[in-house]
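The structure appears below as structure tokens.
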Amino acid sequence: MGFLPKHVYSGTYKIADLRIQIDSLYEQVQSLCADYRTSEPAEIVVRTCASDIERERRLSAETQKAEGLEPCNFSDAYLETLSVYRSIATECIGRSRLLMHGSCIAVDGKAVIFTAKSGTGKSTHVRLWRELFRERAVVVNDDKPILGVGPDGAIAYGTPWDGKHHLSQNVATSLLAVCLLNRGAKNRIQEITAQEALPTLLQQIFLPEEPMMVLQAIGIIGRLCQTIRFYRLECNMDIEAAQVASAAILENSNK
Amino acid sequence: MKLKYEFALSESIGLWSAVAIGEGSKHYRSVIVMNETAKDIFELIREGLDEEQIIEKMLHMYDVEEGQVRSEAHALIEKLQNDGLFA
């Protein structure tokens, strides 16, 4: 007889408009998702086991090695949170949604995502937008928002997996644009085509292991591209960076 | 030239994406993004043609500049070689 893992903790949450039951071995993922709790019945069940946690440990070590960092001794509870989000991201693909690595901010209910490799300054740039727009700005998710494509266009969803500064809101906002961010001495922005953006996007979205699902995810990007604009931003850390970027992106959206 | 793995292709926003399938999906996780010409070249690589045969066939099939085909074929073959995709 095989060993059956004990799922001590369970809760149902509404994340990206999906009702997800999470059965976990540790409490951490349940408290992480507390703001998203729902009493509605689940349509998706995510259940972790010890081997998922071990796999996450291996993947984290590989990522850190690739980034030239020393391996971290992550707790099993933390690794379980990563595993749960990986499962949710995989489920999203069959439901016209994608997980993107980026910092997402909404101004007056219209969202923009800044995406780049870790350490480039996405969160720093979003902080400048917050300084510029103050109460008009809401950080949808500072690290890993979920994007959806519906009949009314693209949507950016807040999620509990919100980076080291823990900035996110449980909101769904209309998505205007994705901006590929690079550091630069001066601030300049240009609109680029979806074709120009695609290779970078493919490095910044979650792609599952199953190859046919990868193609399905690329199809979702294709549909996203029909409703949003793309920009390439070179910026420094001055407030002028947010002024230059927002002037181009928000004014363009009114055209 | 022979590719090590089987690939599946799909088109989105005017670009073609190729992903390794079957056993290959365990070893090669990247997505190869190609324009229409590069995708046709990729198809000929899949048939096992070498660089000169591909250029000859592309010039026979399409009304394209030889210089452009040579450059695109060379760039794609070099990328596939660098990614270790030839058997």
Side-chain angles (χ1 to χ4, degrees), chain A residues 55 58-60 62-63 65-66 86 89-90 93-94 96-101 115 117 147 149 153-154 175 177-178 180 191-231, chain B residues 2-48 58 62 64-65 68-69 71-87:
Chain A
R55 180 166 168 268
R58 200 181 64 243
L59 292 172
S60 293
E62 283 171 13
T63 305
K65 192 178 172 189
R86 186 179 299 280
T90 304
I93 288 168
S96 292
R97 290 164 176 80
L98 287 172
L99 186 159
M100 177 176 276
H101 176 221
T115 188
K117 282 181 191 166
L147 315 185
V149 196
L175 178 64
V178 172
L180 315 184
E191 188 167 4
I192 58 172
T193 64
Q195 287 82 357
E196 288 173 297
L198 185 64
T200 303
L201 294 181
L202 285 172
Q203 291 167 7
Q204 299 301 328
I205 61 164
F206 168 79
L207 293 174
E209 288 185 356
E210 160 54 60
M212 289 307 163
M213 285 186 78
V214 173
L215 295 181
Q216 210 177 342
I218 295 169
I220 299 171
I221 297 178
R223 280 184 280 139
L224 265 178
C225 291
Q226 291 167 9
T227 61
I228 63 172
R229 293 176 186 249
F230 295 94
Y231 297 88
Chain B
K2 189 175 183 309
L3 286 173
K4 260 192 215 171
Y5 311 126
E6 290 289 314
F7 282 83
L9 285 106
S10 81
E11 189 271 342
S12 185
I13 57 168
L15 292 173
W16 287 85
S17 301
V19 293
I21 56 174
E23 187 63 23
S25 68
K26 294 179 192 160
H27 305 287
Y28 188 71
R29 292 265 166 79
S30 299
V31 181
I32 304 168
V33 181
M34 297 170 284
N35 63 22
E36 193 72 35
T37 309
K39 176 258 187 185
D40 289 339
I41 293 166
F42 187 79
E43 295 281 22
L44 295 172
I45 292 170
R46 288 214 288 191
E47 287 177 23
M58 288 290 289
Y62 302 107
V64 283
E65 290 281 326
Q68 187 202 336
V69 171
S71 154
E72 293 218 24
H74 189 74
L76 181 60
I77 290 166
E78 194 170 62
K79 188 214 163 11
L80 300 178
Q81 259 164 354
N82 288 342
D83 286 3
L85 293 177
F86 288 115

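Numbers restart at 1 for each chain; the letters A, B, ... are given by sequence-line order, proteins then strands.
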Legend entry - Atom group of B/Ile21 that falls short of 4.5 Å from chain A, counting heavy atoms: both

Legend entry - Residue part contacting chain A, namely of B/Ala18, when any heavy atom lies under 4.5 Å: neither

Inset, instruction - Would you check if A/Ile205 and A/Ile220 make a side-chain contact, meaning some heavy-atom pair closer than 4.5 Å? - result: no

Legend entry - A/Thr115 side chain vs A/His101 backbone, donor-acceptor pair below 3.5 Å: yes

Legend entry - Nearest atoms (heavy-atom pairs only) where B/Ala8 meets A/Leu215: CB-CD1, 3.7 Å

Inset, instruction - If the plane angle is over 60° it's perpendicular, under 30° parallel, otherwise tilted; pick one for B/Phe7 and B/Tyr28. - result: perpendicular

Legend entry - Side chain / backbone / both / neither for A/Ile218 at chain B, heavy atoms under 4.5 Å: both

